[in-house]
Amino acid sequence: MPAVFADLDTGVDDAMALMYLLASAEVDLVGIASTAGNVSAHQVCRNNRALLELCGRPEIPVSLGSEQPLSIPLRTAEDTHGPAGLGYAELADPTAAPTAHDAAQAWIRAARAHPGELVGLVTGPMTNLALALRADPELPQLLRRLVIMGGSFDYRGNTSPVTEWNIHVDPEAAAEVFAAFGERAEHTGELPLVCGLNITESIVLTPQILARLAAAAGTEAATMSPDDDLGTRSAAGNPLIRVLEDAMRFYFEFHHRQGEGYLAHLHDPFAAAVALDPALVTARPATIDVELHGTLTRGMTVADIAGHWGREPNAAIVVGGAPQATRPLAEVFFDRFIERVGVFLRRLS
Ligand code: RIB
Ligand code: CA
């Protein structure tokens, strides 16, 4: 049973990633870091604790992260994820308190409690992971695996023409994390797996797929439509499906306003699935660095595949499905997601 530590900036898709981890029987979720990004660190921390309580897992420790990125003011995304980060969903105040230690310490404690065994997942800015690396430079050798949702490779950005949100919010932190994992392969053989927009924007959740999840959870719900009134609340019988549908509707409406369609990209749940089963994907070794000074390109992830820089690879960029796959990656992912989360939500209803 792999010990997993998840660093989230819970937001809508982070919430789906958390549910996927909780729904995966093989996972021992040993801790959660709450990183400022989609919303403030305090709001992320509240969302994480409230979701855990809703899912019947209040005992999982949640730690509060830095309120600010390493060196620039925080930028949040309430327009995308809603005022509280969970779209239209409103969760009861959590009763469990966050840990007394902060998120950086939580990373270190989890890694030292599970040396060589901990699977780390980051689905938000890397602020707290960078702070943990500063405090404990041995961290890269202590992790069994690290999976990062972030960056964009041979593909456009979603926050500027060339930057992806998680990196854009704290580019200095991302640069420090990629640099720190440069020597890791010598010790563990595994490079951090990086799920950029180039792959996560192929994981497209539609109202029809969300309806499949509701059915798997044993609740019939109307299939959402862009013709619905804005902010229509879910009438699903299952309380967790109601939360997911209310959260997702805000995300669908955002992408619809952007002209991308009434849909959502499941960036973070996909990264969670890769963290639990890297055999799902094909990844290519690369040396990744982050542009910190470009007038137009600050926050851009730059990947050297051909060895131009003469530096060892520090990551493996996810570029597609498994070599032997006979079905599209998104199809494989959604079948697994619905199978796991649907059964999990049905049990909780
Ligand atoms: O760019 C997508 C990423 O930014 C996702 O992790 C989403 O939750 C936001 O944090
Ligand atoms: Ca996120």
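Whatever order the structure lists ligands and atoms in, that order sets their numbers, starting from 1. What's counted below: heavy atoms across the whole structure, side chains too, no hydrogens, waters or symmetry copies.
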Participant: Identify the two heavy atoms, one from S24 and one from R340, that lie closest to each other, and give their separation to 0.1 Å.
Facilitator: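 The pair with the smallest heavy-atom distance is OG-NH1, 2.8 Å.
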
Participant: Ignoring water, what protein N, O or S atoms are under 3.0 Å from the Ca ion (ligand 2)?
Facilitator: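 Listed by chain and number, the atoms are D9 OD1, D14 OD1, D14 OD2, T123 O, D268 OD2.
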
Participant: State yes or no: are the ring centers of F252 and H256 separated by less than 6.0 Å?
Facilitator: no

Participant: Suppose we screen for side-chain contact (heavy atoms from CB on, under 4.5 Å). Which residues come up paired with F250, at least two apart in sequence or across chains?
Facilitator: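 F250 satisfies side-chain contact (heavy atoms from CB on, under 4.5 Å) with P83, Y88 only.
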
Participant: Which atoms form the tightest heavy-atom contact between D9 and T35, and what is the distance?
Facilitator: CB-O, 3.1 Å

Participant: Mind listing the closest non-hydrogen atom pair of T163 and G299 along with its distance?
Facilitator: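 Taking every non-hydrogen atom into account, CG2-C, 3.3 Å.
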
Participant: Looking only at heavy atoms, what is the nearest atom pair of F333 and L266, with distance?
Facilitator: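 Minimum heavy-atom separation between F333 and L266: CE2-CD1, 4.3 Å.
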
Participant: Taking the hydrophobic residues Ile, Leu, Val, Met, Phe, Trp and Tyr, and joining any pair whose side-chain heavy atoms are under 4.5 Å apart, which ones share a cluster with V44?
Facilitator: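 Besides V44, the cluster holds V39.
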
Participant: Does any part of the side chain of N38, heavy atoms only, come nearer than 4.5 Å to the side chain of T10, both counted from C-beta?
Facilitator: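 They are not in contact (no side-chain heavy atoms under 4.5 Å apart), so the answer is no.
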
Participant: Quick one: ligand 1 N/O to protein N/O pairs below 3.5 Å?
Facilitator:
from     : atom 1 : to   : atom 2 : distance (Å)
ligand 1 : 1 (O)  : N158 : ND2    : 2.9
ligand 1 : 1 (O)  : E164 : OE2    : 2.6
ligand 1 : 4 (O)  : N166 : OD1    : 3.4
ligand 1 : 6 (O)  : T123 : O      : 2.9
ligand 1 : 6 (O)  : N166 : ND2    : 3.1
ligand 1 : 6 (O)  : D268 : OD1    : 2.6
ligand 1 : 6 (O)  : D268 : OD2    : 3.1
ligand 1 : 8 (O)  : D13  : OD1    : 2.5
ligand 1 : 8 (O)  : D13  : OD2    : 3.3
ligand 1 : 8 (O)  : D14  : OD1    : 3.0
ligand 1 : 8 (O)  : N38  : ND2    : 3.2
ligand 1 : 8 (O)  : D268 : OD2    : 3.1
ligand 1 : 10 (O) : D9   : OD1    : 3.2
ligand 1 : 10 (O) : D9   : OD2    : 3.1
ligand 1 : 10 (O) : N38  : OD1    : 3.2
ligand 1 : 10 (O) : N38  : ND2    : 3.3
ligand 1 : 10 (O) : N166 : OD1    : 2.9

Participant: List the steps, then state whether salt bridge (Lys or Arg N to Asp or Glu O under 4.0 Å) holds for E245 with R233.
Facilitator: CA-CA 8 Å; E245 288 189 345; R233 292 305 194 269; over 6 Å; no

